[in-house]
Amino acid sequence: MPFRSVKEQLDVIKRNTVEIIPEEELEKKLEKSLKENKPLIVKLGCDPSRPDLHIGHGVVLQKLRDFQDLGHKVILIIGDFTAMIGDPSGKNKTRPPLTIEETKVNGKTYFDQASKILSEKNLEIRYNSEWLGNMTFSDVIKLASKYTVAQILERDDFEKRMESKTPISLHELLYPLSQAMDSVAISSDVEIGGTDQKFNLLVGRAIQEAYGQESQCIVTCELLEGTDGVEKMSKSLNNAICFTDSPKDIFGKSMSIPDALIYKYFTLGAMLSFEELTEIKKQLEDPSINPRNLKVRLGYELVKKYYDEESANYAQHEFETIFVKKEVPDDIPEFKLDAKEVKLVTLIKEANMASTSSEAIRLIKQGGVTIDGRKITDDKFVIKPEKDFVLKVGKRKFLKVLV
RNA sequence: GGGUAGGUAGCGAAGCGGUUAAACGCAUCAGACUGUAAAUCUGACGGCUUAUGCCUUCGGAGGUUCGAAUCCUUCCCUACCCA
């Protein structure tokens, strides 16, 4: 398949990226690829210890997709072997290592989710245990000799951990090197990652060179803040909009982001076209337009991107019903009640509306529980239902109880 | 190898023999309010079918005591300084 001109390709590649290092080299690679009609090898490393993808990952995956659409070959590396080390980034703590089996399962999950964005064309998946698992100790020593302690310790995470006196295990220092080895193994031309991966990606360049290869170019993408607006998006920080979230959740979570983040989410999350973004920007600056309405649009666009238009409409409708009109949504889970009478606490717990009875009691006492819209604050309340009823626990848990 | 400081609930961090299920902050959840699952304010925040009751928690295991997160012994783990 014919490639587009270098300039056109660069335009696509540059969109929503932070840095291309070094840009001239990428240009040369693209020229060469065009001349020889040979696709570039584009690498993305995936961490199977955290298989829950969120829209922050979406930014990077979309970039990968761009490369696919430009006709290049994308290799997704499932870091099943490196997961046994645990990437020291993100959390300033040593991560619990995973077994190879766990990482295999997670890798599959990762891929399933990633295919919401990636195309099947021009895609290859490799597990890095394939080559890292076969390295002998002397191979490791050879690899380790290519980089210095001072260079490794330059990495931001390590520096911070040294400062705060949190432990760094020796094997964690090897993480950037093993990731670099992946680049050597597949002779990647380009590696993509979030800006937090910059260090690792650069190590890849150095190690490839040390192994007699041409260095990869690196393309970094912006990180998306989580719904709290402060920390970067991460499942463990509970501020992530995940690929696997229900349309309802994606919508609701979008509504909960701070106003300042609206534009960024439209750009990086929903990835609207340039024209649409300009329009959004204009609306954001217009004081007569309620930012809430833009968030409604955002929620809609995100659901549309990750599900479809119908789900988006539905999620929006549900949100309006529950939170604006404060009504019961159309579609709520059902629970068949067998007994003639039951304590409310028991029912809440058994229907999984609360995880413990203490929690159920708390919810009742705090006025968070209603039956058919009637607030129940007596924690000893016993239900003797004659007909079906709707139980509401907290803000957004509904249950239709069938008698 | 020598020394010092530590390991407390989801996280951070007080407490250092009794009224301590354990201050405080963050996170979480609920209520009020609203433009929203935003912000703010208020409250809850170990478990038990609910009890001025019982059970389980302060790195692990023992011990002293009427009583231990707090004292002792021992083991495990971490950081820092010196070598």
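Only this structure's heavy atoms are used, side chains among them; waters, hydrogens and symmetry mates stay out. Within every chain, numbering begins at 1; the chains are lettered A, B, ... in the order of the sequence lines, protein sequences first and strands thereafter.
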- Kindly determine whether A:Phe3 and A:Ser33 satisfy side-chain contact (heavy atoms from CB on, under 4.5 Å), including the steps that lead there. CA-CA 8 Å; A:Phe3 290 103; A:Ser33 131; 4.1 Å; yes

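- A:Ser273 meets the side-chain contact (heavy atoms from CB on, under 4.5 Å) test with A:Glu275, A:Glu276; sequence neighbours excluded.
- Counting heavy-atom neighbours within 6.0 Å of A:Lys336 NZ, excluding the residue itself, gives a total above 12.
- B:A23 and B:A14 have their C1' atoms separated by 6 Å, given to the nearest Å.
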Write down the protein N/O and nucleotide N/O pairs, taken from nucleotides 29-33 of chain B, whose separation is under 3.5 Å; answer none if there are no such pairs.
from	atom 1	to	atom 2	distance (Å)
B:A30	OP1	A:Lys395	N	3.2
B:A30	O2'	A:Gln366	O	3.2
B:G31	O4'	A:Gln366	O	3.4

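- When heavy atoms are screened at a 4.0 angstrom cut-off, A:Asp228 is found touching no nucleic acid atom at all.
- Contacts of A:Thr356 with the nucleic acid, taken as non-hydrogen atoms under 4.0 Å apart, involve only primed sugar atoms and P, OP1 or OP2.
- Evaluation of the side-chain hydrogen bond (donor to acceptor under 3.5 Å, both in side chains) rule for A:Asp112 yields A:Lys108 as partners, not counting sequence neighbours.
- Between the CZ atom of A:Phe251 and the P atom of B:A38 there is a distance of 14 Å, rounded to whole Å.
- Against RNA chain B, the stretch residues 300-322 of chain A makes heavy-atom approaches under 4.0 Å through A:Phe319.
- In this structure, A:Lys281 satisfies the cation-pi test against A:Tyr263, with its NZ or CZ atom closer than 6.0 Å to the six-membered ring centre and inside 45 degrees of the ring normal.
- Here A:His57 and A:Phe243 keep their ring centres 6.0 angstrom or further from each other.
- Atom NZ of A:Lys32 has 12 or fewer neighbouring heavy atoms from other residues, nucleotides or ligands inside a 6.0 Å radius.
- No engagement by A:Val342 is indicated, since no non-hydrogen atom pair under 4.0 Å with the nucleic acid exists.
- Qualifying side-chain contact (heavy atoms from CB on, under 4.5 Å) partners for A:Lys392, counting only residues two or more places apart in sequence or in other chains: A:Thr370, A:Phe398.
- Contact check on A:Asp245 versus A:Lys253 returns a salt bridge, with a Lys/Arg side-chain nitrogen under 4.0 Å from an Asp/Glu carboxylate oxygen.
- Legend: residues meeting side-chain hydrogen bond (donor to acceptor under 3.5 Å, both in side chains) with A:Asp388, ordered by chain and number and at least two apart, are absent.
- In this structure, CG of A:Asn290 is placed 16 Å from P of B:A39, rounded to the nearest angstrom.
- Under the side-chain contact (heavy atoms from CB on, under 4.5 Å) criterion, A:Thr278 pairs with A:Phe274, sequence neighbours left out.
- Residue contacts for A:Asp249: at a heavy-atom cut-off of 4.0 Å it reaches a base atom on one of the strands shown.
- Comparing the P positions of B:C75 and B:U65 gives a spacing of 23 Å, expressed to the nearest Å.
- Here B:A37 presents its P atom at 17 Å from OH of A:Tyr265, a figure rounded to the nearest Å.
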- Message: Wobble G-U and Watson-Crick pairs count when both distances are under 3.5 Å; given that, what is the 5' to 3' dot-bracket string of RNA chain B, with | for pairing to other strands?
- Response: ((((((((.[[[..)..(.....]]].(((((.......))))).(((....)))...[[[[[..)....]]]]]))))))).

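- Each of A:Val345 and A:Ser256 lies near RNA chain B, and the nucleotide nearest A:Ser256 is the one positioned closer to the 5' end.
- Rounded to a whole Å, the CG atom of A:Asp245 is 12 Å from the C1' atom of B:A37.
- Rounded to whole angstrom, the span from the CD atom of A:Glu350 across to the C1' atom of B:C48 amounts to 14 Å.
- Distance noted for atom P between B:C26 and B:U20: 23 Å (whole Å).
- For the pair A:Lys295 NZ and B:U34 C1', the interatomic distance rounds to 12 Å; values are reported in whole Å.
- Here B:C26 presents its C1' atom at 14 Å from CG of A:Asn239, a figure rounded to the nearest Å.
- Here the separation of B:C71 from B:C58, taken at their C1' atoms, is 16 Å to the nearest Å.
- Both cation-pi conditions hold for A:Lys116 and A:Tyr307: the charged atom is under 6.0 angstrom from the six-membered ring centre and inside a 45 degree cone around its axis.
- Side chain of A:Asp379 to main chain of A:Arg362: no donor-acceptor pair is present (N/O by atom type, distance under 3.5 Å, no hydrogens or angles).
- Among B:U49, B:C48, B:G35, the nucleotide with an atom closest to any side-chain atom of A:Ser358 is B:C48.
- With both ends at atom P, the span from B:U78 to B:G46 equals 31 Å, rounded to whole Å.
- With P as the reference atom, B:A38 and B:U28 are 10 Å apart, rounded to whole Å.
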If you restrict it to nitrogen or oxygen atoms, what contacts under 3.5 Å exist between nucleotides 76-83 of chain B and the protein, and what is each distance?
none

Under 3.5 Å, which donor-acceptor pairs do the side chains of residues 141-149 of chain A form with other protein atoms, sequence neighbours left out?
from	atom 1	to	atom 2	distance (Å)
A:Ser145	OG	A:Lys142	O	2.6
A:Thr148	OG1	A:Gln151	N	3.0
A:Thr148	OG1	A:Gln151	OE1	3.2

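- Partners of A:Thr220 under the side-chain hydrogen bond (donor to acceptor under 3.5 Å, both in side chains) rule, at least two apart in sequence or in another chain, do not exist in this structure.
- Between A:Ile257 atom CD1 and B:G35 atom P there is a gap of 19 Å when expressed in whole angstrom units.
- A gap of 25 Å separates the C1' atoms of B:G18 and B:G7, to the nearest Å.
- Taking atom P on both nucleotides, B:C77 is separated from B:C29 by 38 Å, rounded to a whole Å.
- In terms of the side-chain hydrogen bond (donor to acceptor under 3.5 Å, both in side chains) criterion, A:Glu231 has no residue partners (sequence neighbours excluded).
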